[in-house]
Amino acid sequence: MAQGCLCCLKYMMFLFNLIFWLCGCGLLGIGIWLSVSQGSFATFSPSFPSLSAANLVITIGAIVMVTGFLGCLGAIKENKCLLLSFFIVLLAILLAELILLILFFTYKDKVRENAKQDLKDGLALYNTDNNVGLRNAWNIIQAEWKCCGVTGYTDWHEALQERMVPDRCCQEHYKECGRNVTNMFWNRGCYEKVEEWLRDNRHLLGTIGMCILVVQLLGMAFSMTLFQQIHRTGKKYHA
């Protein structure tokens, strides 16, 4: 009976982590493709130039891959050391998420103001040659979200030291339209639009967050249950 439970848990955890590992491979592949094809796309912050969409996806993909690999190998080899390592990694990720969440809500206003100021500082780098990623990111978000600047189009006047905005701020877009002060520009800041999108999609984001939490807790439960079953059956440790 014990051996049957052990075998069932073993293959359930292997399948669970195989899917986890494949998701990590997919994220890593997407991140590498973004890095190669788009460079530093979506780098908004001058304080954190390496915090781009590509690097973020690569980092998440690598963490998911390593975690899934530990779980797969630990389950199929019935290796208590690997199973314990898998549990510790998931626990560390869960604790880090909780700490970041608590800090965010505790210092929400300060985080908001610092984020706005950092984004405004980044506007000054818009026309520089070595910040193509930042320029592409602002062009896309202003065109797609119909917004201009961080809090408004006048942010660009302060950042660029002249009365002009990027062409993507124009309600009627054409080349050099941003230099024509008589044009109509999007009057809402992009930071406000992002906050509005987050509010409108808070239920979806909450559901995604809960799914991630459930997956993490299931992984921890599977690993500890399998670990205990191996220990009880007196399975020899595989080095």
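Quick note: numbers below take in every heavy atom, side chains included, and nothing from hydrogens, waters or symmetry partners. Just so you know, these numbers come straight off a predicted model, no measurement behind them.
Between Cys147 and Cys169, the shortest heavy-atom contact is O-SG, 4.3 Å. Between Trp21 and Met65, the closest heavy-atom pair is CD1-O, 3.2 Å. When every heavy atom of Phe14 is checked against every heavy atom of Ala75, the shortest pair comes out as N-CB, 3.9 Å. Here the closest heavy-atom approach between residue Pro166 and residue Asn139 is recorded as CB-OD1, 4.3 Å. Pairing each heavy atom of Phe16 with each of Val215, the nearest pair is CZ-O, 3.3 Å. Of all the heavy atoms in Leu94 and Leu217, the pair that sits closest is CD2-CD2, 4.2 Å.
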**Message:** Using the rule given for side-chain contact (heavy atoms from CB on, under 4.5 Å), can you reason through Tyr174 versus Asn180, listing the C-alpha separation, both sets of side-chain angles and the distance that settles it, and then say yes or no?
**Reply:** CA-CA 11 Å; Tyr174 56 88; Asn180 187 349; 3.6 Å; yes
**Verdict with supporting geometry, Glu158 and Leu123, side-chain contact (heavy atoms from CB on, under 4.5 Å)** = CA-CA 9 Å; Glu158 298 171 13; Leu123 298 181; over 6 Å; no
**Request:** Test Asn79 against Leu73 for side-chain contact (heavy atoms from CB on, under 4.5 Å), laying out the working first.
**Result:** CA-CA 8 Å; Asn79 187 308; Leu73 197 60; over 6 Å; no
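The closest donor-acceptor contact from the side chain of Asn201 to the backbone of Trp197 lies under 3.5 Å. Judged purely by atom type and a 3.5 angstrom limit, Arg135 uses its side chain to pair as donor or acceptor with the backbone of Tyr126. Counting only distance, with no hydrogens or angles, the side chain of Gln142 and the backbone of Gly149 share a donor-acceptor pair below 3.5 Å. Side-chain atoms of Asn183 never come within 3.5 Å of backbone atoms of Cys170 as a donor-acceptor pair (strictly under, hydrogens ignored). A donor-acceptor pair is defined here as one N or O able to donate and one able to accept, closer than 3.5 Å; such a pair exists between the side chain of Asp155 and the backbone of Gly152.
A distance of 12.0 Å separates CG of Leu98 from CD1 of Ile93, quoted to the nearest 0.5 Å. Atom CD1 of Ile76 and atom CG of Asn17 lie 11.0 Å apart (nearest 0.5 Å). Atom-to-atom distance recorded for Asn187:CG and Thr154:OG1 is 11.0 Å, nearest 0.5 angstrom. Here CD of Glu176 is found 6.0 Å from CG of Asp167. Values are rounded to the nearest 0.5 Å. Once rounded to the nearest 0.5 Å, the distance linking OG1 of Thr59 with CG of Leu28 reads 9.5 Å. Distance check, rounded to the nearest 0.5 Å: CD1 of Ile141 to NZ of Lys146 gives 14.5 Å.
The pair Glu195-Arg112 meets the salt-bridge criterion, with a side-chain N (NZ, NE, NH1 or NH2) lying under 4.0 Å from an Asp/Glu carboxylate O.
A continuous path of ILVMFWY side-chain contacts below 4.5 Å connects Val194 to Leu205, so both sit in one hydrophobic cluster. Leu218 and Leu82 fall within a single hydrophobic cluster, where Ile, Leu, Val, Met, Phe, Trp and Tyr are joined by side-chain heavy atoms under 4.5 Å apart, directly or via other members. Ile212 is not connected to Phe86 by any chain of hydrophobic side-chain contacts under 4.5 Å among Ile, Leu, Val, Met, Phe, Trp and Tyr, and they are in different clusters. Linking ILVMFWY side-chain heavy atoms closer than 4.5 Å, directly or via other members, places Leu91 and Leu213 in a single hydrophobic cluster. The cluster map of Ile, Leu, Val, Met, Phe, Trp and Tyr, joined by side-chain heavy atoms under 4.5 Å apart, puts Phe105 and Ile102 in different clusters.
A donor atom on one side chain and an acceptor atom on the other are found under 3.5 Å apart for Gln117 and Asp121.
The environment of CD in Glu172 is sparse: at most 12 heavy-atom neighbours from other residues, nucleotides or ligands sit within 6.0 Å. Within 6.0 Å of atom CE in Met224, more than 12 heavy atoms from other residues, nucleotides or ligands are found, so the atom counts as buried in its surroundings.
Ring centers of Phe227 and Phe87: at least 6.0 Å apart, outside the cut-off. Separation of the Trp156 and Phe185 ring centroids does not fall under the 6.0 Å cut-off.
Of the two cysteines examined, Cys190 and Cys148, the SG atoms fail the criterion of being under 2.5 Å apart.
Inter-residue side-chain proximity for Arg188 and Glu196 is flagged as met; some heavy-atom pair is nearer than 4.5 Å.
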